[in-house]
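A short worksheet on the structure shown next.
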Amino acid sequence: MRLLRIALLVAAATLPIAAQAEPLAYKAPFVSTNAGDDKIDFAGGTFINHGLVGIGRLSADLKDARSDSLGSFSSMAIDPRSWTKTATGYGGRLYSLPDRGYNDPDKNLFFDYQGRVLAFDLSFTPYSGPDLPPATSSQSQIVLKPLDDKAVFLTGLDGKPTTGADPGSNTVVMDGYTLPIPAAGSLGAGSLSFDAEALTYRADGSFYVGDEYAAALYLFGPDGKLKGLIPPGPALVPMKGGKINYTSLDAPDTGRRNNQGLEAASITPDGKTLLAVLQSATLQDSGAKGQQNRAVTRIYVYDISADPLPKTPKAVYTVELPVYSKKGDGKIDSTAAQSEMVALDDHRFLLLARDSTGHGCSCKAPEMVKAVLVVDTTGATNLAGTEYETGVKPIAPEKDGKDVLDASITPAKSQVLVNMLNTTQLGKFGMNIDNPKANDLTLGEKWEAMTLVPALDPAAPNDAFLFIGNDNDFLTTKGMMKGSAYDAGLTNDTMVLAYRLTLPEDLAKALATK
């Protein structure tokens, strides 16, 4: 009888999220005040978001193993072999991926910053008590201890350190790959230009990194030495004047948008499939108003069970990203580009989509949408091998000033699971979404990292913790990069949020065996 009563109470407190139109469109800020659970029945199972249960932060003034300002997280991963339950909560080893180093493209300011994967000891004590006082000490449920001796620095096929410097229009063919490498006399000359955005590990300790410049998936050994790459197909290769041009400073004619490469990548728990998602639509799918109408992006699926470097994807799908009103005035004019994913199996994954406002942004607009979606490719049209992928035929040609998905293409389905703009839950930990009056307790702009681990709770065997990290863009007034001091005019701490989820039983079991 007691168990039945508990079950009834839980059921009464678990309310479904309202159904969303396709595609997701927000004319006003997508804000929630729900203190309880959010539930969706979707993609063949039930997903429950039990809410925010912890926050942690690292000072923007910290330095890493090379005495550079510590930048993170463009992506992150918790080693599942290290994840344990402790007397007070949980512990594990977390790996994080900074991007290309501090830069200011408007000033053509870049550093010869070597790509790296940083390591941390993570301890986590979930919190479910009353509201905490509004101070930075309220974000202490997640504690990250840098492990400088475990940092891995990335090198190219030739063993040279990678560089964050823009490659310009220069390319070099190496081992059959056309690579972005700055020309002689340029910053980073002779090194592989690398703007790292996605990180996912194989069981043997090797790892893939998704890149912005080339829109490629690079495979590194555990020591950080490049082993090879999965190059972009013709639809993604940035072309300018009929030539490959990997620069981030001059928009291409077709291919990936500037700084909108393979922002997300994740290996399925069984280790057989690699998924990756383009940050937003290609140029050919963006029309005359591409910045506003770049919502139809692409999902890439690779079979890596036999060959870790397949030449072509086994499937390419489309997914429509959320769109929103940049000023909150009811006019839909912007796309919430995706920043990270977590593969649940070979057709379902979590996808993080966000606006471009919040602490760390000079913009004065309100925070409109930051959400984690569940995406399911079941029934979506496979574009692999078609002229949409082997060429640059638009999948969303412009019609009446708006890019409309070709009627012959069925996109992947998606639904919101986690609304990060939940003022009740953020407020419990002293956080706010008060942009444009942002302060150190305002939710940051660039949430770009996710990792998922089981809750190891016998009473709730299908529960998991979803950690979401921000990219602080190396923003600090006490910056240091390659021995040179800089002042970004802003201090933007690295932060990590933790949410407790319940997954469908089959997905929870797969995660537990990872």
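The first residue in the sequence is number 1, and the count goes up from there. Below, all heavy atoms of this structure are taken into account, side chains as well, without hydrogens, waters or symmetry copies.
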- Any luck finding a side-chain donor-acceptor pair between Glu320 and Ser414 under 3.5 Å? no
- Query: Are Thr502 and Asn462 close enough that a side-chain donor and a side-chain acceptor fall under 3.5 Å?
  - Reply: no
- Report yes if the distance between the aromatic ring centroids of Tyr95 and Tyr201 is under 6.0 Å, otherwise no. yes
- Message: With rounding to the nearest 0.5 angstrom, report the CD to CD1 distance, Gln141 to Ile55.
- Response: 6.5 Å
- Task: Enumerate the residue pairs fulfilling disulfide (SG to SG under 2.5 Å) with a member in residues 358-388, sequence neighbours excluded, ordered by first and then second residue.
- Result: Cys361-Cys363
- Would you please say whether a donor-acceptor pair under 3.5 Å links the side chains of Asp376 and Thr378? yes
- Between Asn432 and Thr442, do the side chains contain an N or O donor and an N or O acceptor separated by less than 3.5 Å? yes
- Can you find a side-chain donor-acceptor pair between Tyr324 and Asp333 that sits under 3.5 Å? no
- Task: Write out all pairs satisfying disulfide (SG to SG under 2.5 Å) with one or both partners inside residues 429-462, taking only residues at least two apart or from two chains.
- Result: none
- Task: Answer with yes or no whether the side chains of Ser280 and Gln260 bring together a donor and an acceptor at under 3.5 Å.
- Result: yes
- Message: Parallel, tilted or perpendicular, judged at 30° and 60°: which one describes the rings of Tyr302 and Tyr300?
- Response: parallel
- State, without any angle test, whether Arg298 and Thr318 hold a side-chain donor-acceptor pair at a distance under 3.5 Å. no
- Task: Would you check if Asn258 and Arg256 make a side-chain contact, meaning some heavy-atom pair closer than 4.5 Å?
- Result: yes
- Not counting sequence neighbours, list each pair that qualifies as a side chain to side chain donor-acceptor pair (under 3.5 Å) and has a residue in residues 210-219. Arg100-Tyr213
